[in-house]
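For ligands, and for the atoms within them, numbers begin at 1 and follow the listed sequence. No experiment lies behind these values; they were computed from the predicted model shown.
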Amino acid sequence: MNNTPVSRKTQAAQARVLADARVSASPRSRDQSLRVPESCSVVIFGASGDLAHRKLIPALYSLARGGLLPANLTVIGFGRKPKTDESFRDEMRRAVHEFSRSKPIDEPTWERFAQGLHYRQGDYDNQADYDALHQQLSEIEQAQGRCGNRLFYLATPPEAYETITGRIGATSLGKPCDNGWTRVIVEKPFGYDLESARALNAHLHRFFTEDQIYRIDHYLGKETVQNILVFRFANTIFEPIWNYQYVDHVQITVAEDLGVENRGAYYESAGVIRDIIQNHALQLLALIAMEPPAEFAADAVRNEKVKVLKALRVDSSRGDGTVRGQYGPGKVGGRMVPGYTQEEGVSPESTTETYLAMKLLCDNWRWSGVPFYVRSGKRLPRRVTEIAIQFKMPPLLLFSGAAAQQIEPNTLVLSIQPDESITLKFESKVPGTGDRIQPVLMNFDYGESFEMPAPDAYERLLLDCMLGDSTLFTRSDEVEAAWALITPVIERWRDNPHGFIELYRAGTWGPKQADDFIEADGRRWRAL
Ligand code: BG6
């Protein structure tokens, strides 16, 4: 497909569409959709950790730079390590310098932002530390003439979630007054299987109502992922063919070139099925497969996603419907990397999967019989996330001989990252007196069309939470429906741990068995 040329005519047509797109994305129309939350405080539990450094503080800073935060936003980092406000600010400045998408640092914005940045050392299970936090928040709120509006972000290891939310929920820290809001963002992994996810939901619901709980899946904050619903439901031409009558199959790929980095211990208990498939990949699938919601509102959208998740089943007509792999040593990006079992924190005997391919079927009217092939892995040749919808071949092939043999099915590819584009492949006659037919591409590229950088997923999600919009967060029944699908697979593996794990060389596209798996259906993984 990479060799498929984009014709000059298509480029010209694109240029015209681009011009229109620029008009509709003019600053005026963008400004109308800007929303600034009311004054509030954000408390980040696990403020010394990776997530706060790489994502949360840089995202808040970018929002501040875009004028999207209340002027007097307070951010309190809560962590176990001793730090002063000053040393925390210095550390966060370095994090913004390194990880922010908006460089260089804008000094006046940083100064304003840093004034509201504090650090509080505390133990997650020590009530006195929560009392002190409460005292600090109350003083800040009093000085700002408000009561409440507190966002608690759980950026800690999941083992601490129940302790922290229990401490917040059981005291006035979680319910300061009647007119201010309290919200909690819970990072993934949300649970370890269906039972633990249910237990965590039950625990959270003892202290908070569902509309106070924001379960984050950062894929939902990605611009290209949000665009799936716009692409499907703000256009007329795709929806009539978005079903079993026209679609042959769907391929969802979440490929990473990275290994487990310094997270070997976490990954050992997660594997790719918990780390990517149960959340990010199933969310992509749900957005592709869901029915149009009655309105674009949090519950209407999430109702439809839940229906999809409940209609999904793993196709076990051959084996258990999955191929598991684990990377061995190999070359990625031109350098030798160790195998998974040589990574720090990983058992040399580990049977944890770092690659998974699976075939899912969605038992509803729209998708009856259409396979959804999902694959994800670490240490693959490159980072690429995409959804490819492959349509059926024409019902009658009019073109004979060599020309007909070259006909390929239409494919619509929604590239999520690093390319941010939507591409439609269709057949075209090659100019000349012969009858040659060749696939060509119609391509939409975000960067070219809108000429502005996409915000980081965490920017959108933090802002939405401050604004009380939970559309891009997962609801309790949604997360449980995803676990209900995945847990039986994990249980089958647990009962047969050495059963089906295949080794693949780092820097390749996974085990050969994954190719055999899809080829047995007469299909092939897309070459990426
Ligand atoms: C995280 C996983 O949720 O997503 C990581 O825990 C993975 O293992 C990451 O690397 C991928 O996110 P992105 O945004 O880089 O595709």
Side-chain angles (χ1 to χ4, degrees), residues 46 49-56 58-59 62 99-101 153-159 161 185-192 197 214-228 252-285 287 325-327 332-333 337 340 343-346 350 352-356 374-387 414-420 446 453-462 472-474 479 482-483 486 506 528:
D50 223 36
L51 186 69
H53 281 72
R54 284 174 180 269
K55 296 290 181 188
L56 304 182
S62 289
F99 299 113
S100 171
R101 70 182 173 88
Y153 199 118
L154 304 187
T156 63
E159 301 79 63
Y161 290 173
I185 298 187
V186 188
E187 260 295 333
K188 70 172 269 274
F190 191 95
Y192 182 76
Y214 289 70
R215 296 171 196 79
I216 207 163
D217 181 319
H218 77 278
Y219 267 53
L220 294 179
K222 290 181 190 276
E223 199 67 47
T224 40
V225 174
Q226 291 170 50
N227 198 34
I228 295 173
I252 298 179
T253 303
V254 182
E256 296 188 89
D257 53 352
L258 291 180
V260 291
E261 304 299 289
N262 51 3
R263 300 193 305 153
Y266 149 76
Y267 204 85
E268 274 288 83
S269 61
V272 71
I273 196 163
R274 292 186 175 90
D275 192 45
I276 299 280
I277 303 286
Q278 184 273 341
N279 35 76
H280 307 328
L282 286 184
Q283 284 296 326
L284 296 179
L285 197 162
L287 292 171
Q326 187 187 79
Y327 63 83
V332 181
V337 296
Y340 177 69
E343 302 272 16
E344 201 186 316
V346 173
S350 175
T352 299
E353 81 294 345
T354 60
Y355 176 96
L356 180 64
V374 178
R375 62 176 164 163
S376 179
K378 294 233 181 243
R379 287 290 188 224
L380 301 185
R382 68 185 194 96
R383 175 174 183 248
V384 50
T385 300
E386 64 152 52
I387 302 155
L414 287 82
S415 299
I416 306 297
Q417 62 187 23
D419 294 343
E420 300 185 320
Y446 283 75
D456 184 77
Y458 280 91
E459 292 174 38
R460 172 68 194 247
L461 295 173
L462 280 162
L472 301 176
F473 293 82
T474 46
V479 91
W483 277 120
I486 293 299
L528 298 175

Notebook entry, point to check: So is R274 actually on top of Y192's ring, under 6.0 Å and inside 45° of the axis?
Noted result: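 Yes, R274 lies over the aromatic ring of Y192.
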
Using a strict 4.0 Å cut-off to heavy atoms of [X], name the atoms of ligand 1 that fall inside it.
X    : value
E256 : 7 (C), 10 (O), 11 (C)
K188 : 1 (C), 2 (C), 3 (O), 6 (O)
K222 : 13 (P), 14 (O), 16 (O)
K378 : 5 (C), 7 (C), 8 (O), 10 (O)
Q417 : 13 (P), 16 (O)
D275 : 2 (C), 5 (C), 6 (O), 8 (O)
R263 : 2 (C), 5 (C), 6 (O), 8 (O)

Checklist line | Nearest non-hydrogen protein atom, atom 15 (O) of ligand 1 | finding: R383 NH2, 3.2 Å

Margin query: Among all the protein's non-hydrogen atoms, which is closest to atom 12 (O) of ligand 1, and how far away is it?
Written below: H218 NE2, 3.2 Å

Item checked: E344 atom CD, neighbour heavy-atom count above 12 within 6.0 Å ->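 Not more than 12 within 6.0 Å, no.
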
Margin query: For Y267, state whether at least one heavy atom is located under 4.0 Å from any atom of ligand 1.
Written below: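 No; Y267 lies far enough from ligand 1 that no heavy-atom distance drops under 4.0 Å.
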
Notebook entry, point to check: Hey, does L258 sit under 4.0 Å from ligand 1 if you only count heavy atoms?
Noted result: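 Under 4.0 Å: no for L258.
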
Next item on the list: Give a yes or no on whether the backbone of T474 and the side-chain of R215 come within a donor-acceptor separation of less than 3.5 Å.
Entry: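 Yes; judged by distance alone, with no hydrogens or angles, the pair exists.
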
Next item on the list: Look at the side chain of Y161 and the backbone N and O of E187, then say whether any donor-acceptor pair between them is shorter than 3.5 Å.
Entry: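 Looks like yes, one N/O pair under 3.5 Å.
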
Notebook entry, point to check: Taking C-beta and beyond as the side chain, do K222 and T385 meet within less than 4.5 Å on heavy atoms?
Noted result: no

Margin query: Which option wins on minimum heavy-atom distance to atom 1 (C) of ligand 1: E261, E187, K55, H280?
Written below: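 Minimum heavy-atom distance to atom 1 (C) of ligand 1 goes to H280.
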
Margin query: One thing to verify: whether D50 and K55 come together as a salt bridge, which I'm taking to mean a side-chain N less than 4.0 angstrom from a carboxylate O.
Written below: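 Answer for the salt bridge query: no.
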
Next item on the list: Please work out which of the three classes, parallel, tilted or perpendicular, describes the rings of Y458 and H218, given edges at 30° and 60°.
Entry: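 The arrangement is parallel - the two ring planes meet at less than 30°.
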
Check: Which value, rounded to the nearest 0.5 Å, describes the distance between Y267 atom OH and E353 atom CD?
Finding: 6.5 Å

